[in-house]
2 protein chains.
Amino acid sequence: MFDVTEFQARCRAAGLALTHQRQVIYQVLMQARGHPCPEVIYEKVRKRIPSISAGTVYKNIKTFLNAGLLCEVTLHHGTMRLETNVQPHHHLVCTGCRAIFDVDSNEVDEVQLRRKPPKGFLVNGYKIEFYGLCPGCRKRQ
Amino acid sequence: MFDVTEFQARCRAAGLALTHQRQVIYQVLMQARGHPCPEVIYEKVRKRIPSISAGTVYKNIKTFLNAGLLCEVTLHHGTMRLETNVQPHHHLVCTGCRAIFDVDSNEVDEVQLRRKPPKGFLVNGYKIEFYGLCPGCRKRQ
DNA sequence: CTACGTGCAAACCATTTGCGACACC
DNA sequence: GGTGTCGCAAATGGTTTGCACGTAG
């Protein structure tokens, strides 16, 4: 699951100091189910380091994003949804409670743009979001 | 482009009063290039109705969303990105400047989940987001 | 005339920033 | 020992809310 040695190595590779706070934040991120937002992370981290500040959590999340240790679920502005799964994959989103589930790349067919993208746009990849209702929200309706 | 009569009809159908503010907001939304956030809309509306308040714009955007006159680009929390194109379609997102372009459904292949979604999840549809760099951001790099 | 819509101002929440103190390397 | 990191607290930015007044139906 969480491998300190590997985390150390990755930090060193990125030129980042290996602080206790960072280890805990990363560990919490890895162990978090779903695709937590920074606030949730902050809450969980605070259980282990009560004195930690929100600023530190936000700063380190940004640092991890820059270092490629973390991914943002979408690129749109707003509340971040995070995941340590850096491998390309897709998402299944509940339109009711906005829960997010992972869908492996090999579970869906390859997609290709039939036409050329607009003048000069360079396409690097894509993500698919499937929408629907999770079991809980289905019952509630 | 903007058809007052149709807007009237849609408002009546949804049981909404036809106010001047609403007409201007909707018109601005329709004429807006890209996928504007509420703030941008607010700015543009304010040029025509300087006395309008941000609250009114936000309230009406919510109203339009409920009435199905408007779509949110993503379901994730945070800053809204809006579009009046209610037809299903996909997006091309610039990872540099976060600009969003539309991609018509018939420009990409149909996608199917190869495996069953998690226990009891009911899938209604999907959206594809292509990522890349727009011409402007390509130059800048 | 009455319910719905508007403007205003304050509140809210997530996130960012600046800075002095502290810890990793 | 010096740069990078932390904690704190204040600032910011987007969005929401409550309420008194105004207007569409």
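Residue numbers start from 1 in every chain, and the chains themselves are labelled A, B, ... in the order their sequence lines are given, proteins ahead of strands.
At least one donor-acceptor pair under 3.5 Å links the side chain of B:Arg114 to the backbone N or O of A:Asn106. A distance-only check finds a donor-acceptor pair linking the side chain of B:Arg22 to the backbone of B:Ala17 [under 3.5 Å]. Side chain of A:Tyr126 to backbone of B:Tyr131: no donor-acceptor contact under 3.5 angstrom is found.
With sequence neighbours excluded, no residue satisfies ring-ring contact (aromatic ring centres under 6.0 Å, His included) with B:Tyr42. Remark: A:Thr63 pairs with no residue by the side chain to side chain donor-acceptor pair (under 3.5 Å) rule, at least two apart or across chains. For A:Asn66, the side chain to side chain donor-acceptor pair (under 3.5 Å) test picks out no residue, with sequence neighbours left out.
Nearest-nucleotide mapping onto DNA chain C: of A:Thr56 and A:Glu39, the residue sitting toward the 5' end is A:Glu39.
Salt bridge annotation for B:Glu6-B:Arg10: present, with a cationic side-chain nitrogen under 4.0 angstrom from a carboxylate oxygen.
Interatomic distance, B:Ile41 CD1 to B:Glu39 CD, rounded to the nearest 0.5 Å: 11.0 Å. Once rounded to the nearest 0.5 Å, the distance linking CD1 of B:Ile61 with CG of B:Leu69 reads 12.0 Å. Between atom CG of residue A:Leu113 and atom CZ of residue A:Phe121 there is a gap of 10.0 Å, rounded to the nearest 0.5 Å.
Here B:Tyr58 reaches the OP1 or OP2 of D:dT15: one of its side-chain N or O atoms lies under 4.0 Å away. For the OP1/OP2 pair of C:dA23 and a distance below 4.0 Å, the side-chain nitrogens and oxygens of A:Gln21 include no atom meeting the criterion.
Atom pair A:Ile61:CD1 and D:dC6:P shows a separation of 12 Å (rounding to whole Å applied). One atom, CG of B:Asn60, and another, P of D:dT16, lie 13 Å apart when rounded to the nearest Å. Computed from coordinates, the A:Leu65 CG to C:dT15 P distance equals 12 Å when rounded to whole Å.
Listed in residue order, the members of residues 45-52 of chain B having a heavy atom less than 4.0 Å from DNA chain C are B:Ser51, B:Ile52.
Taking the C1' atoms of five terminal pairs at each end of the helix from C:dC1-D:dG25 to C:dC25-D:dG1, the two resulting helix axes are inclined by 40°, rounded to 10°.
Taking the six-membered ring wherever Trp is involved, the centroid distance between the rings of A:Phe64 and A:Tyr26 falls below 6.0 Å.
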Problem set entry | Reading 5' to 3' through nucleotides 19-25 of chain D, protein heavy-atom contacts under 4.0 Å coded B for base, S for sugar-phosphate only, - for none | -----SS
